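Everything on this sheet refers to the single structure shown next.
Counting from 1, the numbers follow the sequence of the chain as shown. Computed from a predicted model, the values in this text were never measured in an experiment.
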Amino acid sequence: MVATGSLSSKNPASISELLDHGFHPGSLLNDFDYWDYVVPEPNLSEVVFEETACQSLVKMLENCLSKSKHTKLGCSRVLVPEKLTQRIAQDVLRLSSTEPCGLRGCVMHVNLEIENVCKKLDRIVCDSSVVPTFELTLVFKQETCSWTSFRDFFFSRGRFSSGLRRTLILSSGFRLVKKKLYSLIGTTVIEEC
């Protein structure tokens, strides 16, 4: 039996229609009581595990950006919008929830899009003891309308210029591309956030 919004209305026509089809008010009440007991309680250990996994992913992403700022980005600072890495980690967990090995089967390629060109930053393997079942490509985006880009342009010609003085500001938007590695169909999911 499926409960719909029409049952909540006290419309006599709806109730009489149910009675005509053989449903009795007593059986409806029993059916609804049954579903009250079947709905599982939230598992607290799963919630704690997911929060731990999310914080671990946040750390991995922050470490990736920290390592890349000197080696691949050539800047002294990377400014990340508040809760950006948290949002990304939650999306990664959501996309990995339908996979056979979950997050453990994930390989993540981290990129930065600067002026329509993607620069590879890092490759993160969530669990090296598990054969990867899917790949995620994360693309951070550079903030295009920021005052620091103008400041860096003007100071780049003077005595203050240095290759490592530049500040990179990330946009709050990002792209996640999921590619299943074990599927014969080769399913790809693209999410733009």
Side-chain angles (χ1 to χ4, degrees), residues 46-153 156 161-183 186-193:
E46 284 181 17
V47 172
V48 170
F49 171 75
E50 186 171 314
E51 183 61 32
T52 303
C54 189
Q55 291 306 317
S56 176
L57 271 173
V58 166
K59 282 277 192 220
M60 285 184 205
L61 292 170
E62 289 172 351
N63 288 339
C64 169
L65 290 171
S66 180
K67 286 188 312 186
S68 297
K69 70 181 175 185
H70 293 296
T71 59
K72 300 190 178 168
L73 299 174
C75 61
S76 59
R77 290 183 298 203
V78 176
L79 299 180
V80 181
E82 186 176 4
K83 305 282 185 187
L84 175 64
T85 53
Q86 181 81 23
R87 283 184 23 234
I88 293 170
Q90 288 169 346
D91 282 350
V92 168
L93 286 173
R94 183 178 51 77
L95 289 172
S96 66
S97 66
T98 58
E99 292 300 316
C101 298
L103 183 62
R104 296 175 55 222
C106 176
V107 172
M108 189 178 339
H109 302 278
V110 183
N111 300 311
L112 173 65
E113 185 177 297
I114 301 175
E115 298 171 2
N116 295 328
V117 176
C118 271
K119 191 176 239 184
K120 294 180 183 182
L121 300 182
D122 204 356
R123 181 176 180 261
I124 299 173
V125 179
C126 293
D127 187 344
S128 59
S129 67
V130 175
V131 174
T133 57
F134 70 105
E135 287 181 343
L136 286 176
T137 301
L138 167 63
V139 181
F140 285 107
K141 296 180 179 184
Q142 181 183 17
E143 183 65 51
T144 54
C145 298
S146 65
W147 67 271
T148 56
S149 60
F150 295 116
R151 183 196 65 195
D152 289 340
F153 173 75
S156 66
S161 68
S162 169
L164 293 178
R165 280 211 173 283
R166 196 171 74 104
T167 299
L168 175 70
I169 300 178
L170 296 181
S171 166
S172 59
F174 62 92
R175 184 172 52 245
L176 267 175
V177 179
K178 176 182 176 180
K179 181 181 176 190
K180 294 185 177 206
L181 300 176
Y182 61 89
S183 176
T187 307
T188 302
V189 177
I190 300 173
E191 291 199 6
E192 188 92 23
C193 301

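- Between Ser172 atom OG and Leu84 atom CG the span is 7.0 Å, to the nearest 0.5 Å.
- In this structure, Arg175 contributes its side chain and Lys141 its backbone to no donor-acceptor pair below 3.5 Å.
- Proximity of Val139 to Leu112: side-chain heavy atoms (C-beta onward) are nowhere separated by under 4.5 Å.
- Both the sub-6.0 Å distance and the 45° axial angle are satisfied by Lys178 relative to the ring of Phe134.
- Of all the heavy atoms in Cys54 and Gln90, the pair that sits closest is SG-CG, 3.9 Å.
- A distance of 13.0 Å separates NZ in Lys119 from CD in Glu113, rounded to the nearest 0.5 Å.
- With rounding to the nearest 0.5 angstrom, the OG1 atom of Thr133 is 6.0 Å from the OH atom of Tyr182.
- When side chains are defined from C-beta on, Leu65 counts as touching Phe140, because their heavy atoms get closer than 4.5 Å.
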Problem - Leu57 and Thr85: CA distance, side-chain angles, deciding distance, side chain to side chain contact (heavy atoms under 4.5 Å, CB included) verdict - result: CA-CA 8 Å; Leu57 271 173; Thr85 53; over 6 Å; no

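- Environment of NZ in Lys59: sparse, with no more than 12 heavy atoms of neighbouring residues, nucleotides or ligands closer than 6.0 Å.
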Practice task
Could you walk me through whether Gln55 and Gln86 pass side chain to side chain contact (heavy atoms under 4.5 Å, CB included), step by step?
Solution key: CA-CA 8 Å; Gln55 291 306 317; Gln86 181 81 23; 3.4 Å; yes

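- Looking only at distances, a side-chain donor or acceptor of Ser68 sits under 3.5 Å from a matching main-chain atom of Cys64.
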Exercise for the section: Go through the steps to decide whether Cys126 and Arg104 satisfy the test side chain to side chain contact (heavy atoms under 4.5 Å, CB included), and finish with yes or no. Expected result: CA-CA 5 Å; Cys126 293; Arg104 296 175 55 222; 5.9 Å; no

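- Pro81 is listed as a side-chain neighbour of Leu170, based on a closest heavy-atom distance under 4.5 Å.
- Ser96 places a side-chain N or O within 3.5 Å of a backbone atom of Leu93 that can act as its donor or acceptor partner.
- In terms of heavy atoms, Gln142 sits closest to Leu168 at NE2-CD1, 3.4 Å.
- For Asn63, the side-chain hydrogen bond (donor to acceptor under 3.5 Å, both in side chains) criterion is met by no residue, not counting sequence neighbours.
- For the pair Leu136/His109, no side-chain contact is recorded, criterion being any heavy-atom separation below 4.5 Å from C-beta on.
- For the atom pair CE (Met60) and CD1 (Ile124), the distance works out to 7.0 Å, reported to the nearest 0.5 Å.
- With hydrogens and angles ignored, the 3.5 Å screen pairs no side-chain donor or acceptor of Arg77 with any backbone N or O of Lys69.
- A pairwise comparison of heavy atoms in Cys75 and His70 identifies O-ND1, 3.7 Å as the closest pair.
- Among Thr137, Leu138, Leu121, the one residue that satisfies the side-chain contact (heavy atoms from CB on, under 4.5 Å) test with Asn111 is Thr137.
- Here Glu50 contributes atom CD and Ser97 contributes atom OG; the two are 8.0 Å apart, rounded to the nearest 0.5 Å.
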